[in-house]
Every structure is written in structure tokens, then in C-alpha cells.
Asker: 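Let me give you the structure first, and then I'll get to my questions.
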Amino acid sequence: MTQDRDTGAGPPPDEYVEAEIQRLLTEDPAVAEQGITVVRREGALVLNGEVESPHRREEIMRRVAERFPDVPITSDIGVIRAQAPTEIEQLP
């Protein structure tokens, strides 16, 4: 399902944009990230969460920016360690 926006009506309310971005993050097969959340902060939308690589973070931001070019979006997406640990964990 696609939604066309009336360009004469101005930008949609932030709540709708937040919901659309969240839907893109979870339902787009190329993204499929349920651990990324969208929050409003200082006049922009911020994506929060963690992914397995810097490349994955860049791809997510690229896709969101392509879909919502007029919305100020920043990333607070961290990168989690995806490789095996190099040290043995010592338990007390």
C-alpha cells in the first residue's frame, strides 16, 4: 500500500511521519529492523537502537532519507559486537 501526499497541504504531522518511518524499519524486507525506534528530539526525528555493522547503519539511514527526503532525521544507532570475543571471560 502506498500513500501519496498532497504537496499543497504542507508536511504531515510528526506523529504520522514517525509511524511511517517505524513501519519502513520493520516491514521493508531490505531493512527489517524491529529494534530501531523513532523519537522526536529538538525538531528532528532520531533513530535509536543497535545494528551489527556500520554498513548496516548507513544503509538504514540511506533508505529512510530516500523515502523521507524533507524530514530532518539523525542517527543514534550504535554498532554491537558481531564477532566472537577475543578474550576468555573469567567468572568470579
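When reading the values below, keep in mind they use all heavy atoms of this one structure, side chains included, and skip hydrogens, waters and symmetry mates.
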Asker: Answer with yes or no whether the hydrophobic clustering places Met61 together with Val38; edges join I, L, V, M, F, W, Y residues whose side-chain heavy atoms lie under 4.5 Å apart.
Answerer: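 Yes; Val38 is reachable from Met61 via cluster members.
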
Asker: Are side-chain heavy atoms of Val64 and Leu45 found at a separation under 4.5 Å?
Answerer: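 Result no, sub-4.5 Å side-chain heavy-atom pair not found.
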
Asker: Looking at Glu20 and Arg23, is there a salt bridge between them, counting it only when a charged N and a carboxylate O are closer than 4.0 Å?
Answerer: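 Not counted as a salt bridge, because no side-chain N and carboxylate O are separated by less than 4.0 Å.
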
Asker: Search all heavy atoms of Glu33 against all heavy atoms of Ile60 and return the closest pair with its distance.
Answerer: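 That closest heavy-atom pairing would be CG-CD1, 3.6 Å.
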
Asker: Does a side-chain heavy-atom distance below 4.5 Å link Leu25 with Leu47?
Answerer: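 Yes, close enough: below the 4.5 Å cut-off.
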
Asker: Check whether Gln22 reaches the backbone of Ile36 with its side chain - one donor and one acceptor, N or O, closer than 3.5 Å.
Answerer: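 At least one qualifying donor-acceptor pair exists.
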
Asker: Hey, any chance Val31 and Val17 share a hydrophobic cluster, counting ILVMFWY side chains that come within less than 4.5 Å of each other, even indirectly?
Answerer: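 Linked within one cluster.
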
Asker: Write down the atom of Ser75, the atom of Arg57, and the distance for their closest heavy-atom approach.
Answerer: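 Reported closest heavy-atom pair: OG-CD, 3.7 Å.
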
Asker: Let me confirm one number: the OG1-CD1 distance from Thr37 to Ile21, rounded to the nearest 0.5 Å.
Answerer: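 Here the interatomic distance stands at 11.5 Å.
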
Asker: Can Val79 and Glu52 be said to form a side-chain contact (heavy atoms from CB on, under 4.5 Å), step by step?
Answerer: CA-CA 5 Å; Val79 177; Glu52 68 276 2; over 6 Å; no

Asker: In this structure, would Val51 and Ile73 fall into the same cluster of hydrophobic residues linked by side-chain contacts under 4.5 Å?
Answerer: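 Linked within one cluster.
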
Asker: With a 4.0 Å cut-off on N to O distance, would you call Arg62 and Glu58 a salt bridge?
Answerer: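 No.
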
Asker: Is it true that, when you exclude Glu50 itself, more than 12 heavy atoms of the residues, nucleotides or ligands shown sit nearer than 6.0 Å to its CD?
Answerer: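 More than 12 heavy atoms, drawn from other residues, nucleotides or ligands, come within 6.0 Å of this atom.
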
